[in-house]
Amino acid sequence: MCMTVKEMNEAMQALQEWKRVKEEAEANITALNVKVIEFLTENEEECKTVNKKGKEILQYIGTIFKATLSKMERETVDKEEVRKLLSEEEYQKISKTSIYPVLKVS
């Protein structure tokens, strides 16, 4: 489906407006998340429980929702250090590259 120049400009203008709305919503969500985290930490003793894996978490069960605060782990690996340890062929066996389109409208 081909667009006219006018339709393209209107689409980009609408896109920018929705991006602004999204940023505003994300800012509101972040502020509310901070409030929920503050509540859970301030009421730590009342909210302390154990999850299915036996790890300690903070949890509040409301009338229509449940808020859970737990610790997560993330491990990162220094790609350059791994390259030093492995041959190029070995590195290619464990390396995965994704290629995908990226649209930028500014």
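Since this is a predicted model, take the numbers as computed values, not measurements. Excluded from the calculations below are hydrogen atoms, water molecules and symmetry mates; all remaining heavy atoms, backbone and side chain alike, are included.
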[X]: what forms a side chain to side chain contact (heavy atoms under 4.5 Å, CB included) with it, not counting sequence neighbours?
X	result
Val50	none
Glu44	Lys48, Leu58
Glu89	Ser87, Lys93
Thr4	Lys6, Glu7

Self-check item: salt_bridge(Glu56, Lys71) N-O dist < 4.0 Å
Solution: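 Answer for the salt bridge query: no.
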
Quiz item: Does a side-chain N-to-carboxylate-O contact under 4.0 Å join Arg20 and Glu24?
Solution: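 Here Arg20 pairs with Glu24 in a salt bridge, since their nearest N and O are under 4.0 Å apart.
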
Quiz item: Looking at Ile57 and Ser70, what are the two nearest heavy atoms and their distance?
Solution: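 Shortest heavy-atom contact: CG2-CB, 3.4 Å.
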
Shared hydrophobic cluster for [X] and [Y] (ILVMFWY, side-chain gaps under 4.5 Å):
X	Y	value
Met12	Val102	no
Ile29	Val34	no
Val36	Phe65	yes

Quiz item: Is the number of heavy atoms from other residues, nucleotides or ligands within 6.0 Å of CE (Met8) greater than 12?
Solution: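 No, not enclosed.
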
What distance do [X] atom [atom1] and [Y] atom [atom2] have between them, rounded to the nearest 0.5 Å?
X	Y	atom1	atom2	value
Leu86	Gln92	CG	CD	10.5 Å
Leu40	Glu46	CG	CD	11.0 Å
Glu26	Thr30	CD	OG1	7.0 Å
Asn33	Leu69	CG	CG	10.5 Å

Self-check item: Heavy-atom check, side chain of Glu10 versus side chain of Met3, under 4.5 Å
Solution: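 The answer is no, as the side chains (C-beta and beyond) never meet within the 4.5 Å cut-off.
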
Quiz item: Are Lys79 and Tyr91 side-chain neighbours, meaning at least one heavy-atom pair lies under 4.5 Å?
Solution: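 Heavy-atom side-chain distance check passes, below 4.5 Å.
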
Quiz item: Cut-off 3.5 Å, side chains only: do Glu17 and Gln13 have a donor facing an acceptor?
Solution: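 Checked: Glu17/Gln13 side chains show no N/O donor-acceptor pair below 3.5 Å.
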
Practice problem: Assess the side chains of Thr49 and Gln59: does a donor N or O sit below 3.5 Å from an acceptor N or O? | Solution: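 Gln59 and Thr49 do not have a side-chain donor-acceptor pair below 3.5 Å.
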
Practice problem: Measure from the side-chain N and O atoms of Asn51 to the backbone N and O of Lys55, and report whether any donor-acceptor pair falls under 3.5 Å. | Solution: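 Present.
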
Self-check item: Which residues share a ring-ring contact (aromatic ring centres under 6.0 Å, His included) with Phe39, sequence neighbours left out
Solution: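 For Phe39 the ring-ring contact (aromatic ring centres under 6.0 Å, His included) partners, ignoring immediate neighbours, are Tyr60.
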
Quiz prompt | Partner residues of Lys35 under the salt bridge (Lys or Arg N to Asp or Glu O under 4.0 Å) criterion, sequence neighbours left out | solution =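 None.
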
